[in-house]
Amino acid sequence: MSKRIGILTSGGDCPGLNAVIRGAAKTCWGLGYDCIGFLKGYEGLHDPVQYITLTRQTTTGILNQGGTILGSTNKGRFAATVGVHDRVEIKPELLRGVAATVEQLGLDGLICIGGDGSLAIAQQFHEYGIPVVGVPKTIDNDLSATAFTFGFDSAVACATDALDRLHTTAASHDRVFVMEVMGRHAGWIALHSGMAGGGDVILIPEISWTFESVCHKILERQHNGKKFTLVVVAEGAELPEGGVVGEHREGAQAKLGGIGEIAAREIERRLLKETRTVVLGHLQRGGAPTTFDRVLATQYGAHAVRLIVEGRLGEMICYHPPQMDSVPIMEAVNRIRTVDADGAAVQAARALGICFGDAAEAASPFVARIGSVATSRDVELDADFVLDMAESAAEEALADG
Ligand code: F6P
């Protein structure tokens, strides 16, 4: 019987999935293995079994294509987690069915590409004796066992480009823009795009923030002649009064989103300054992968095959620059890598004057100089600022006819 490896893409898609598939398939052929790709994530493994044979013809031209030629499923029969730590047992009949598929197709190993939820499924497969290896994927970059997941760099590039565009229109109209980016448990996309795109305020799940601090930053900028402000907020950042914004779903992860609009309305209410919201949403998950993600994804694909060939089943490939390493999947799942609030990137951002909406800025020399934070609700607005804002509002109204 010929040697054969299977591959599947599970969970939310992201740029670079096809590059992993291509990297794994080409490596397989080089080592004398056939490679097949299961359709629609784990769903294609059982009842009905759905797969395609990966050939030069089916994989040509996919390196730079977003999405996944295999399709993916975010929720489904195999869901193994609800929240970060809530494990759900996969039904035994499903596990039996997958084991039978692997046996019948003569697979030496199955490469599962996914984030924490999808890798939790792979872990249960491994415990059942199904030969799996994992490849870490998520635009959120929040898997603890690897320095980078592919898809992150592409998402940051998308968010940075959006900020660049918002910059010019915000400056032209003296507006505040709140841009909401993805980042369920971790603020990596907000932090990196905020730094790369010249954001003035970055709000992330790892740092609690207040409207006073955010409004103060806007007023400070205004005082210094910058009448516009760019705020980047991660979808998973908690509101000052606590709680994330989104839609609760029974038996599934909440659908996050909406914090940007809430923040914008409150900023506008407090400062009487026109504030607009942009939600980037799934734009961050679409499109071509960046060069960094193509290289990373290609390496993940090639090294995942190596793990199978070396018999290192139940492990996940990971990137510890400059090395490609591996860790037991068990160690990789359910352990989220969040932004270090005192880490180098946050420190650098603070040194540049970027505001994280926390007490650190409230204690800055500038605050000491102008006194308490000015908001229309809590304290009186500084007279100069009010005048400035009234003037610009009047000018804008005139200009708009
Ligand atoms: O985990 C990746 C992610 O992009 C999160 O940032 C986001 O909350 C979630 O996926 C969205 O998933 P869906 O496509 O199911 O709405």
Side-chain angles (χ1 to χ4, degrees), residues 9-17 20 40-43 66-68 71-86 112-122 134-146 148-159 162 179-194 202-206 232-239 243-261 278-287 289-290 293 297 332-339:
T9 51
S10 170
D13 71 334
C14 78
L17 284 168
V20 182
K40 292 281 163 212
Y42 290 101
E43 295 297 312
T68 160
S72 188
T73 305
N74 221 350
K75 299 171 281 290
R77 296 175 293 166
F78 289 89
T81 52
V82 177
V84 182
H85 300 292
D86 315 323
C112 303
I113 313 172
D116 56 341
S118 301
L119 292 171
I121 300 172
V135 172
K137 168 241 62 163
T138 165
I139 63 165
D140 291 0
N141 201 33
D142 60 358
L143 289 185
S144 67
T146 187
F148 288 103
T149 52
F150 68 91
F152 169 65
D153 189 59
S154 306
V156 170
C158 168
M179 184 173 91
E180 180 181 309
V181 297
M182 282 188 171
R184 176 169 283 276
H185 308 291
W188 293 109
I189 299 178
L191 176 63
H192 282 223
S193 64
I202 300 176
L203 305 175
I204 56 177
E206 294 85 347
V232 187
V233 59
E235 61 177 5
E238 282 201 18
L239 287 167
V244 290
V245 183
E247 203 183 290
H248 178 75
R249 294 185 291 191
E250 207 47 52
Q253 288 202 328
K255 188 170 158 194
L256 297 185
I259 189 166
E261 181 61 12
V278 170
V279 182
L280 274 194
H282 291 78
L283 287 175
Q284 295 157 97
R285 295 229 307 246
T290 58
D293 277 340
V333 293
N334 295 348
R335 210 173 297 163
I336 295 296
R337 194 172 65 88
T338 51
V339 172

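Computed from a predicted model, the values in this text were never measured in an experiment. Computation of the quantities below employed the complete heavy-atom set of this structure, encompassing side-chain atoms and omitting hydrogens, waters and symmetry-equivalent molecules. Residues take their numbers from the sequence shown, with the count starting at 1. Each ligand, and each atom within it, is numbered from 1 in the order the structure gives.
Judged by distance alone, the side chain of N141 and the main-chain N or O of T149 form a donor-acceptor pair under 3.5 Å. Without hydrogens or angle criteria, Q284 side chain to M182 main chain gives a donor-acceptor distance under 3.5 Å. Between the side chain of E43 and the backbone N or O of R77 there is at least one donor-acceptor pair closer than 3.5 Å.
The shortest heavy-atom contact between S144 and A332 is OG-O, 4.3 Å. The two residues A237 and L203 have their closest heavy-atom pair at CB-O, 3.9 Å.
Closer than 4.0 angstrom to ligand 1 lie heavy atoms from N74, T138, I139, D140, M182, G183, R184, E235, H282, R285.
Relative orientation of the F78 and Y42 rings is tilted, given thresholds of 30° and 60° on the angle between their planes.
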